[in-house]
Amino acid sequence: MAYGQVGSMLMFFQDKIIENPSFQYALQMYCEEQIANIFWANTKMITDYAHFGDVVSFDTMFGKNKESRPFGVFVGFNNFRETIVFGAALMYDETFESFKWLFETFLKAHNGQQPKTMYTDQDFAMGKAVGEVFPEAWHGLCTFHIMQNAIKHLTQEKNEESSVLSYFSACMYEYEDEAKFEEAFDMMRKKVSKQTWLDSIYKLKEKWVECYMKDVFTLGMRSTQLSESLNNNLKFHLKSNFDIIRFLKHFERVVQGKRNNELNSEFDSRKKLPRIKMRTPMLLQASKLYTPVIFEAFQGEYERSMAACTKALDGNNEYLVAIASFEGDLIFEEEYKVIGDPLDQTVEQEAGEEALYVGATAQVANDSASKVKEESGEYTVLNSFTQLLTGPINDNLLTEELF
């Protein structure tokens, strides 16, 4: 930094601490006692991380000045699936020692709270530092950067460019079974003459292949594209000839813009009712708890689960179906055994509007003309499976004594 910029930067940080003592910053000196790396996180960043810091993306996006010093940001999703910033750093270089200091400082600023998942690009020094400082986190590699490397290394194959890349993309995203992935990867390997890069990326398959990530908590994140998105916003505000104070103020303006978007989303969510496609107890409760964008995602998964919530028992014509019920703020789910196609199953409803689904296991005949006998009378199979989920059912209607 130019003469006088260090003092100006320290005064800027001290003013932030006076405004709110929770503001955090740290400096690392190198051998000649000059500042090498700088980290800072304001109060909102610390609060956001406490709530949403389970999945973190870190990327050193671009040089902030003509010396091209790396500028790194820690970002994630909020409850509107919008980008939020957990911390920022200006770095002297991208060595293991610098990354280790930065990650340790990040943890200290956030009270030692480890993320569950962390995404970075395929940088060896960065990956080594992540493994040492965040031992509890699953480390994922950015699929966007991997695909860019694939284009660089695999498109050298004559007449096989599109075929090889399409095979590689399928290996990355489409296979949920490990055996099918291995088979597809071996098939792709045969189409490539130079396999050095493929062999190196294969060794890291647990960090980028879909079938090895089934139990990983990712919030749907597969890359550092959140950082790239923030990078695009910063380009409108930053120039290479900015001094350190102008840089800090412009970065602060960009972060504030993200917060304004969050406030607007919060306002919209409070004045608009979510669109509920099936008025089941579970969806009704979820619509009150989730933000609109999260509820839409939940509702989509719920619809898909309704279409595939059955499984054959012992290879015959019996199925298990899950029925959701609620009582106050509590949700209950019970399994019912059904003979035949569960989408055609239900029982005539005799209870009032306040009746609840209760814990019982029953067999319901598939033939709509059949009768289900119970001590209090006979009930005809009439309605659809969706009506069974949405309508009230008498406590005495489905009981273990039916059969």
Side-chain angles (χ1 to χ4, degrees), residues 12 16 19-20 22-25 39-62 64 71-90 106 109-110 113 115-121 140 142-144 217-239 242 245-276 286-301:
F12 177 86
K16 291 298 177 183
E19 291 176 12
N20 194 317
S22 296
F23 184 91
Q24 301 272 348
Y25 79 95
F39 169 83
W40 71 97
N42 61 30
T43 307
K44 187 64 167 60
M45 295 176 185
I46 293 172
T47 303
D48 283 342
Y49 183 80
H51 290 295
F52 307 114
D54 291 326
V55 182
V56 178
S57 168
F58 175 76
D59 187 30
T60 49
M61 298 185 300
F62 64 99
K64 76 98 189 167
F71 174 58
V73 288
F74 298 86
V75 298
F77 278 131
N78 64 9
N79 53 335
F80 296 99
R81 288 193 72 80
E82 296 173 346
T83 305
I84 49 175
V85 181
F86 301 136
L90 280 170
F106 175 82
H110 294 293
Q113 179 182 337
K116 293 181 180 178
T117 302
M118 189 161 185
Y119 277 98
T120 68
D121 60 24
C142 172
T143 54
F144 173 78
F217 185 72
T218 66
L219 295 178
M221 193 186 299
R222 290 293 301 274
S223 70
T224 59
Q225 284 298 94
L226 289 181
S227 302
E228 298 290 340
S229 174
L230 183 65
N231 180 17
N232 290 332
N233 292 332
L234 286 169
K235 286 180 179 178
F236 289 105
H237 294 272
L238 301 179
K239 295 182 180 179
F242 277 2
I245 299 302
R246 291 185 70 186
F247 168 80
L248 292 171
K249 288 182 177 180
H250 279 271
F251 174 71
E252 195 174 49
R253 186 174 293 112
V254 171
V255 173
Q256 186 59 48
K258 296 291 183 184
R259 291 177 190 153
N260 293 340
N261 293 338
E262 182 179 345
L263 290 174
N264 292 334
S265 298
E266 179 73 26
F267 177 77
D268 290 340
S269 71
R270 293 180 182 273
K271 70 177 183 178
K272 296 179 181 178
L273 295 175
R275 183 170 59 92
I276 305 175
S287 69
K288 299 174 183 178
L289 298 177
Y290 294 151
T291 59
V293 64
I294 301 300
F295 175 72
E296 284 296 326
F298 177 84
Q299 184 167 235
E301 290 294 327

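Keep in mind that the numbers below use all heavy atoms, side chains included, and drop hydrogens, waters and symmetry copies.
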**Asked** Would you call the rings of Tyr25 and Phe23 parallel, tilted or perpendicular, where under 30° means parallel and over 60° means perpendicular?
**Response** tilted
**Request:** State the OH-CD distance between Tyr290 and Glu296, to the nearest 0.5 angstrom.
**Result:** 13.5 Å
**Asked** Can you tell me how far CZ of Phe58 sits from CG of Asp121, rounded to the nearest 0.5 angstrom?
**Response** 9.0 Å
**Asked** How close do Gln113 and Tyr49 get, heavy atom to heavy atom, and via which atoms?
**Response** O-OH, 2.6 Å
**Message:** Could you work out, with side chain to side chain contact (heavy atoms under 4.5 Å, CB included) as the rule, every residue matching Ser223, not counting sequence neighbours?
**Reply:** Cys142, Thr143, Phe144, Gln225
**Message:** What's the separation between atom OG1 in Thr291 and atom CG in Asp268, rounded to the nearest 0.5 Å?
**Reply:** 12.0 Å
**Request:** Working to the nearest 0.5 Å, report the span between CD of Glu266 and CZ of Arg270.
**Result:** 4.0 Å
**Prompt:** Is the shortest side-chain N to carboxylate O distance from Glu262 to Lys258 below 4.0 Å?
**Reply:** no
**Message:** Just so I know, are the side chains of Pro292 and Pro274 near enough to count as touching, which here means a heavy-atom distance under 4.5 Å?
**Reply:** no
**Request:** Can you see which heavy atom on Asn20 is nearest to which on Thr43, and at what distance?
**Result:** CG-OG1, 3.1 Å
**Message:** Testing the basics here: between Met221 and Ser57, what is the closest heavy-atom pair and its distance to 0.1 Å?
**Reply:** SD-CB, 3.9 Å
**Asked** Quick one: does NZ or CZ of Lys116 land under 6.0 Å from the six-membered ring centre of Phe217, within 45 degrees of the ring axis?
**Response** yes
**Prompt:** Once the angle between the rings of Phe71 and Trp40 is folded into 0 to 90°, is it parallel (under 30°), tilted (30 to 60°) or perpendicular (over 60°)?
**Reply:** parallel
**Request:** Supply the atom-to-atom distance Gln24 CD to His110 NE2, rounded to the nearest 0.5 angstrom.
**Result:** 8.5 Å
**Glu252 with Lys16: basic N within carboxylate O range, under 4.0 Å** = yes
Using residues 72-86 as the side-chain source, report each donor-acceptor pair under 3.5 Å to any protein atom, sequence neighbours left out, with the distance given to one decimal.
unit_1	atom_1	unit_2	atom_2	d
Asn78	OD1	Phe80	N	2.9
Asn78	OD1	Arg81	N	3.1
Asn78	OD1	Glu82	N	2.8
Arg81	NH1	Leu219	O	2.8
Arg81	NH2	Leu219	O	3.0
Glu82	OE2	Ser265	OG	2.5

